[in-house]
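For reference, the structure is listed below as structure tokens.
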Amino acid sequence: MNYINDRKILYVVPADYDDLIQKGVSNMILDRDEGGFFKSVLTLHPIARTNQKINISESNNIIQFGWKSRIKKLDRLFITKIVGTIVLTLKLIFLPFKLKQINFTVVRATDPYLCGLIGLYISKILNIPLVVSIHSDYDKRYTLDGLKGSFGLLGSRRLGKKLEKFVLKRCNKILPIRSYLSSNYIKDYNILKNKFEVFPHGINLKSYDKTPNIDIYEKFNINRKFKIFNFTGRMSRENYVYDILEIASRISLTNKEFFLMFVGGGKELEKIKNESKDITNIKCVGFQCRDNVINIQKQSYGSICLMGGFSLIEACAGQNPILSYDIEWHSELVKNNYSGFLVDEGDINKLIEKIKFLLENESVSFRLGQNARRLIEEKHEISKTIMIKQNVYKRLLNE
């Protein structure tokens with residue numbers, strides 16, 4: 001039996017630490033010990049830009065492997081990328097042998113693709129269980145935005161699916177972050193259904209309550225006559241940003257109170273900026289630090305979240321009424337006339353109707369926002385999700 005002082009977890013994550021700092025979410029790494037269930041946490045970023053070793057806390061560290069050289073001019077050369085890839089591959093091959101002395105308890109990969117494959121290799125060398133998280137409906141996102149929104153191996157989604165199946169068949173547990181994903185994946189891999197356990201995202205609501213107030217109207221020079229709605233997330237087609245742009249453009253023609261803030265970076269940011277530059281009721285503010293994001297959500301009149309993962313949870317935490325398409329898992333949090341409004345995918349006219357209704361009914365908007373926050377407290381408050389995750393790990397480890 002493993003005792004609490006002996007448990008150690010190795011995370012395999014498709015991220016770059018500098019990006020996490022920029023996004024203001026690096027502090028969330030500290031939650032990976034699952035409320036002290038694990039004595040220590042080592043996170044591996046296997047495909048990053050630069051090599052780094054980062055000490056987050058006494059029990060929380062990061063190893064990052066990057067392909068870039070120390071000389072910027074060399075990074076542009078094809079041969080540099082080839083050599084960098086070979087060196088990175090060799091590092092990953094030899095890494096498990098260096099980790100043997102740490103006596104890890106479990107490996108967790110945060111996708112069923114490259115991270116899953118690397119996690120599987122490490123778990124076999126170390127002879128410890130592998131769990132694989134599923135954070136998205138990758139097929140749906142491929143439909144919406146091709147390989148920009150999903151994963152393909154050698155440019156092929158079909159090969160990506162084969163890698164997914166290879167990894168999931170060989171891991172010990174499959175951990176979708178919501179019930180919708182669990183049922184969706186079981187349809188594809190019914191033979192593996194006993195491996196599935198929902199592993200929900202948790203959010204620290206205290207961070208919303210303790211964040212210093214920043215006057216968003218003043219900071220972004222917005223006229224106080226406006227009622228702000230926000231889209232907060234990645235500027236990508238998979239998040240329906242052009243549907244949101246059309247909605248905002250049409251409402252701004254007839255309603256002088258409506259104002260939309262696009263918050264976040266991404267491939268479509270410059271195009272959205274260009275197409276909205278002459279519309280006074282729309283502002284693209286790009287990437288913002290976490291404090292700004294929280295204040296935008298808390299001071300908004302509503303959130304437009306047509307496709308949302310963790311961003312939907314954050315919007316609810318900000319006490320906003322939510323407007324979403326009735327797809328994926330949204331119905332778990334967006335309940336008609338309780339926490340917001342769900343409409344059929346692509347029904348822009350209905351969304352416009354609901355936004356106008358909220359603009360005209362301030363007391364309803366407030367009530368829906370309060371209920372959205374209440375749902376998050378019930379389903380995603382971090383102390384509750386930690387208990388769920390601890391129990392999953394206990395079953396995995398037969399404790």
Side-chain angles (χ1 to χ4, degrees), residues 22-28 31 201-235 239 244 247-248 251 257-265 281-324 330 333-335 338-341 354-355 357-385:
Q22 186 184 36
K23 292 176 182 178
V25 298
S26 59
N27 63 314
M28 295 175 69
D31 296 332
H201 271 318
I203 187 168
N204 185 347
L205 293 173
K206 291 179 181 177
S207 64
Y208 275 74
D209 300 331
K210 292 182 177 179
T211 297
N213 286 327
I214 300 167
D215 189 327
I216 293 304
Y217 285 87
E218 182 178 330
K219 180 172 181 61
F220 294 101
N221 194 27
I222 299 171
N223 193 309
R224 293 186 184 278
K225 72 178 182 180
F226 290 124
K227 293 177 178 177
I228 297 173
F229 285 71
N230 76 84
F231 161 80
T232 302
R234 188 169 62 256
M235 297 289 177
N239 286 332
I244 296 171
I247 289 164
I251 293 178
E257 286 187 304
F258 175 83
F259 191 91
L260 176 69
M261 292 183 72
F262 278 107
V263 185
N281 302 61
I282 300 176
K283 178 166 284 194
C284 295
V285 297
F287 170 82
Q288 296 293 316
C289 70
R290 185 156 180 78
D291 282 359
N292 283 352
V293 169
I294 289 174
N295 275 286
I296 289 169
Q297 290 168 334
K298 288 169 67 175
Q299 295 173 43
S300 288
Y301 199 76
S303 287
I304 304 175
C305 194
L306 304 187
M307 169 68 85
F310 195 68
S311 60
L312 177 57
I313 294 173
E314 292 178 312
C316 293
Q319 300 186 44
N320 285 315
I322 314 299
L323 297 121
S324 290
H330 295 171
L333 291 178
V334 187
K335 301 182 183 299
Y338 180 79
S339 56
F341 295 103
K354 295 303 183 184
I355 290 171
F357 172 79
L358 290 175
L359 287 166
E360 295 166 2
N361 294 274
E362 190 166 342
S363 62
V364 175
S365 178
F366 178 79
R367 173 175 59 82
L368 300 186
Q370 294 292 105
N371 290 339
R373 168 68 180 239
R374 191 172 293 116
L375 282 174
I376 290 300
E377 291 171 352
E378 294 171 0
K379 295 175 178 288
H380 292 279
E381 201 282 319
I382 195 163
S383 65
K384 296 177 182 177
T385 59

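Model, not experiment: these values are computed from the prediction.
Between Leu306 and Leu323, the shortest heavy-atom contact is CD2-O, 3.8 Å. When all heavy atoms of Gly340 and Val334 are compared, the pair lying nearest together is C-CG1, 4.1 Å. Between Ile355 and Ile251 the shortest heavy-atom distance is CG2-CD1, 3.6 Å. Counting all heavy atoms, side chain and backbone alike, Phe357 lies closest to Val364 at CE2-CG1, 3.8 Å. In this structure, Ala372 and Cys316 approach most closely via the heavy-atom pair O-CB, 3.6 Å. Between Ser207 and Ile294, the shortest heavy-atom contact is O-CD1, 4.0 Å.
Under the 3.5 Å distance criterion, the side-chain polar atoms of His330 are matched with a main-chain donor or acceptor of Gly308. Distance alone, capped at 3.5 Å, places no donor-acceptor pair between the Lys219 side chain and the Ile214 backbone. Not a single donor-acceptor pair under 3.5 Å links the side chain of Asn239 to the backbone N or O of Met235.
At most 12 heavy atoms of other shown residues, nucleotides or ligands fall within 6.0 angstrom of atom CD in Glu218. Counting heavy atoms of neighbouring residues, nucleotides and ligands inside a 6.0 Å radius, atom CZ of Phe366 does not exceed 12 of them.
Side-chain contact, Gln297 with Tyr208: a donor N or O sits under 3.5 Å from an acceptor N or O.
Using a 30° and 60° split on the angle between ring planes, Phe258 and Phe229 fall in the tilted class, from 30° to 60°.
The side-chain heavy atoms of Lys283 and Phe226, taken from C-beta on, include no pair separated by under 4.5 Å. Leu368 has its side chain within reach of Leu358: a pair of non-hydrogen atoms, C-beta onward, lies under 4.5 Å apart. Here the side chains of Asp215 and Arg224 are in contact, with some heavy-atom distance below 4.5 Å. A heavy-atom distance below 4.5 Å is not found between the side chains of Ile313 and Lys379. A 4.5 Å side-chain heavy-atom check between Gln370 and Gln319 finds at least one atom pair inside the cut-off. In this structure, the side chains of Asn223 and Phe259 stay at 4.5 Å or more apart for every pair of heavy atoms. Between His201 and Glu314, every side-chain heavy-atom pair lies at or beyond the 4.5 Å cut-off. By the 4.5 Å heavy-atom criterion applied to side chains, Met261 and Ile222 are counted as neighbours.
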Could you give me the CA-CA distance, side-chain angles and deciding distance for Asn213 and Lys298, then say whether side-chain contact (heavy atoms from CB on, under 4.5 Å) is met?
CA-CA 9 Å; Asn213 286 327; Lys298 288 169 67 175; 4.0 Å; yes
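Of the inter-residue distances, the one linking Leu375 atom CG with Leu333 atom CG reads 6.0 Å to the nearest 0.5 angstrom. Rounded to the nearest 0.5 angstrom, Ile382 CD1 and Lys384 NZ are separated by 13.0 Å.
The pair Arg373-Glu377 meets the salt-bridge criterion, with a side-chain N (NZ, NE, NH1 or NH2) lying under 4.0 Å from an Asp/Glu carboxylate O.
Each of Thr232, Asn320, Leu260, Asn230 was evaluated against Ile304; a single residue qualifies, Leu260, per the side-chain contact (heavy atoms from CB on, under 4.5 Å) test. Tested against Ser303, the residues Ile296, Ile322, Ile228, Leu312 include a single side-chain contact (heavy atoms from CB on, under 4.5 Å) partner, Ile322.
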